[in-house]
Structures are given as structure tokens and as C-alpha cells.
J.: 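Quick one: structure below, then a few questions.
The shown structure was predicted, so the numbers you read here are calculated from the model rather than taken from an experiment. Heads up: numbering here begins at 1 and tracks the sequence. Read the numbers this way: they start at 1 and go in the same order the structure lists the ligands and their atoms.
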Amino acid sequence: MSLEAALRARIAEAGPITVAEFMAESLLHPQWGYYTNRDPLGTAGDFTTAPEISQMFGELVGLALAQAWIDQGAPGRITLAELGPGRGTLMADILRATKQVPGFHDALRVHLVEASPTLREKQRVALAGHAITHHDRTDTLPEAPLFLIANEFFDALPIRQFIRAGDNWRERLVGLDGAALAFGIGAPDQPPELAHRSDVAEGGLVEICPAAMPIMTEISRRIAAHGGAALIVDYGDWRSLGDTLQAVQGHAPVDPLATPGAADLTAHVDFEALARAAQELATSRLTPQGVFLERLGITPRAETLAQRLSGPAREAHVAAHRRLTHPDEMGTLFKVLALVPPGAPMLAGLEK
Ligand code: SAH
């Protein structure tokens, strides 16, 4: 049996499934899920991420979070949380860079929200020497000031796709064409999440991410009640428009339906929807990753690190700096959104 055979059998018996159901099974099926059994990151894997490209990303993010903690009066017991920590590289860089911030490490407890048993084990190794607590979901995070980072987490959450049809919407579904998985279209519907999308013309496609909503509610309730900040970095934009479902295998795009469970599936993040789910907090302007990192001082940091490097290591370091910040690479496609309590200063590098 394979995941594809299991999905085909399920669809043959019970009818087409939503794109979200297809994504959820492909990514997190307990036996065959993409994240369940593998470490997909790095050059030998399927994709790479900002913290895997350079230590500078985590260093600057860590110092921005520590500054937010100081700006809010350096509370005595806080949660430092990460959603979807991958190999643990980002959290390790954050902790190393903030070691010298007086009192920060004494105050913080590290909490990681991670679904993959394989990646939980990598995180334990990367963060050896630090007490960490793993969670399946955000709703079990402690009731305490919450300083949270999520890099390339929300893009992995399942999305549903809807196509404008007159006054209604029709959902894009995954069904069968003969024996093969194929996209199809569902019956007319009026999902309440799309009531505000009068901007979408006939035939236009929008995506919603239902799983993101309770996560944002849990995070924002804690930050509103106890203080803290959330920093969300991902590819996407303000207000979703168009089909952004994509599958990647071995650093190259593949057909999303071709190899369920063997390819990474993501969709662009609708930052407007995240901000709407956190209305009790102040949100930053949605800011390109390159602008954010430049404002935090990535160029002087890159120059300092470059002094210790030569030859291929120096070239790789220069390329990594460019990759994180240049508009033709991750600098513009990736965006940063921060959320803080209404009266609190905005995170460094961002503006209200
Ligand atoms: N933040 C890391 C890894 C990004 S990959 C980095 O920047 O390198 C996405 C991460 O989210 C993986 O750790 C994956 O296992 C985790 N993940 C995906 N869906 C999840 C879910 N529904 N709940 C918890 N973790 C999830």
C-alpha cells in the first residue's frame, strides 16, 4: 500500500476530498506523511530555509526578540516558542546570539510546536544543553508572556481553494480521473471566510487556511493577556489571490498530485487573514524579508563574519547574504509580520 493507493481507495468509496484534506494526508499522515518520516531540509533534501542558509538570520531574529522582551520591561518568566522548528537551527542560533543579553536566558523557557517525530529528534540534538518542551499544538503553550517565531511554518498548513462562480464559490477538489488523482470542482457554496472577498472576479481563485485561524487565536490571546510578540516569516502576501499550491522534490517543482507523501506541499501565506485572526493585537506593516534584515544590520554583521573567512567559505557566505536579502532571491518574496500588544513598541526592524 502507498499513500496514493490509500487516497484513491478513499475517494473511490467516499467521493472527492478537499485540497486541504489532500495536503494534510500528504504532509502528516502518521505512516506515509512527508514530514512524518524524513528531514526534508538542506542541499541533500527537497528545500532549504533562511536559518539553514545562514546563521545571520537566527542571530538577528533572536536579538530582535530579546529587544522586544527588554522593551516590555524584561518580564521574569517567559515562553520562547517556535512553530515548526525544522532541524532546530533557528532556535539554536537565537539562543547563541542572545546568551549575552543579561537575564534573558534565566527568564525564558523554550517551547517547540512540532508534528514530526523525525524532526523532534533533530531538534533535541541541535538544542542539547537547553531544556525544551515539545507540543503537538499551540493551545498547550504556557499561560505566560509569549515571544514566538514561525519561519516557513504557515506555508505548510493545509489550504482550501475556492473559485468565484457568480455570487457563489465552488471548491477545487481532488477526485479521480479513471485511476489517477485529478483536480475537480465542487458544488456552489458560500463559505463565511470569503464573505469579504467581493474583489474577486468571475473565475478567480482564492485560498483559505482554516488551520491557521485557531493557531493565531491561541497566540494572540496569550500575547494580549500576558505580553510578548509574534514574528511570522513566510512567502506570501497581503490577501490571497490565485493558485499558489506547489509541490517541490529535490529542489525542483513537481505536479502536486503526482507523488503524495514524497513531495513537499506548500501554499503562499495570506498575511491579511493571519492579522484578521489576531485583532486584539497591533500588527506591523507587512515588510519584505530583505528590508527587515537590512534594518536589523545584516550587512555589518556579514562584513564582520567575512573577515574570518577566505576562499570558498567566504564566497558561500557572500552568496548566503545575497540569497537572504536580494529582491531576486528571498528578499522580496518572503515577508515579515509582527504582532505585539497594542501599547507595546513594535519589534525592531518593523513599523506599525
Ligand atoms: N522553521 C524551519 C522548518 C520549516 S519546514 C526552518 O525555517 O528551517 C516546516 C516545519 O513545520 C517542519 O518542522 C514541519 O515538521 C513542521 N510542521 C508542518 N506542519 C505542522 C503542523 N501542522 N503542526 C506542527 N508542525 C508542523
J.: Is there a donor in the side chain of E207 and an acceptor in the side chain of S240, or the other way round, less than 3.5 Å apart?
T.: no

J.: Distances for all N or O pairs of ligand 1 and the protein under 3.5 Å?
T.:
unit_1	atom_1	unit_2	atom_2	d
ligand 1	1 (N)	G84	O	2.7
ligand 1	1 (N)	N151	O	2.7
ligand 1	7 (O)	T49	OG1	3.4
ligand 1	7 (O)	N151	ND2	2.8
ligand 1	8 (O)	T49	OG1	2.5
ligand 1	13 (O)	G86	N	3.0
ligand 1	13 (O)	E114	OE1	2.6
ligand 1	15 (O)	E114	OE2	2.5
ligand 1	25 (N)	A115	N	3.2

J.: State whether R120 and E114 are salt-bridged, where the test is any N-O pair (Lys NZ or Arg NE/NH1/NH2 against Asp/Glu carboxylate O) under 4.0 Å.
T.: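 Here R120 does not pair with E114 in a salt bridge, since their nearest N and O are not under 4.0 Å apart.
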
J.: Is E280 salt-bridged to R221, cutoff N-O under 4.0 Å?
T.: no

J.: Does the pair R10/E25 count as a salt bridge with the N-to-O cut at 4.0 Å?
T.: yes

J.: Do H105 and T98 have side-chain atoms, one donor and one acceptor, less than 3.5 Å apart?
T.: yes

J.: Treat each ILVMFWY residue as a node, draw an edge where side-chain heavy atoms are under 4.5 Å apart, and state whether M91 and M56 are in one component.
T.: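 Yes, it is one cluster - the side chains of M91 and M56 are joined through contacts under 4.5 Å.
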
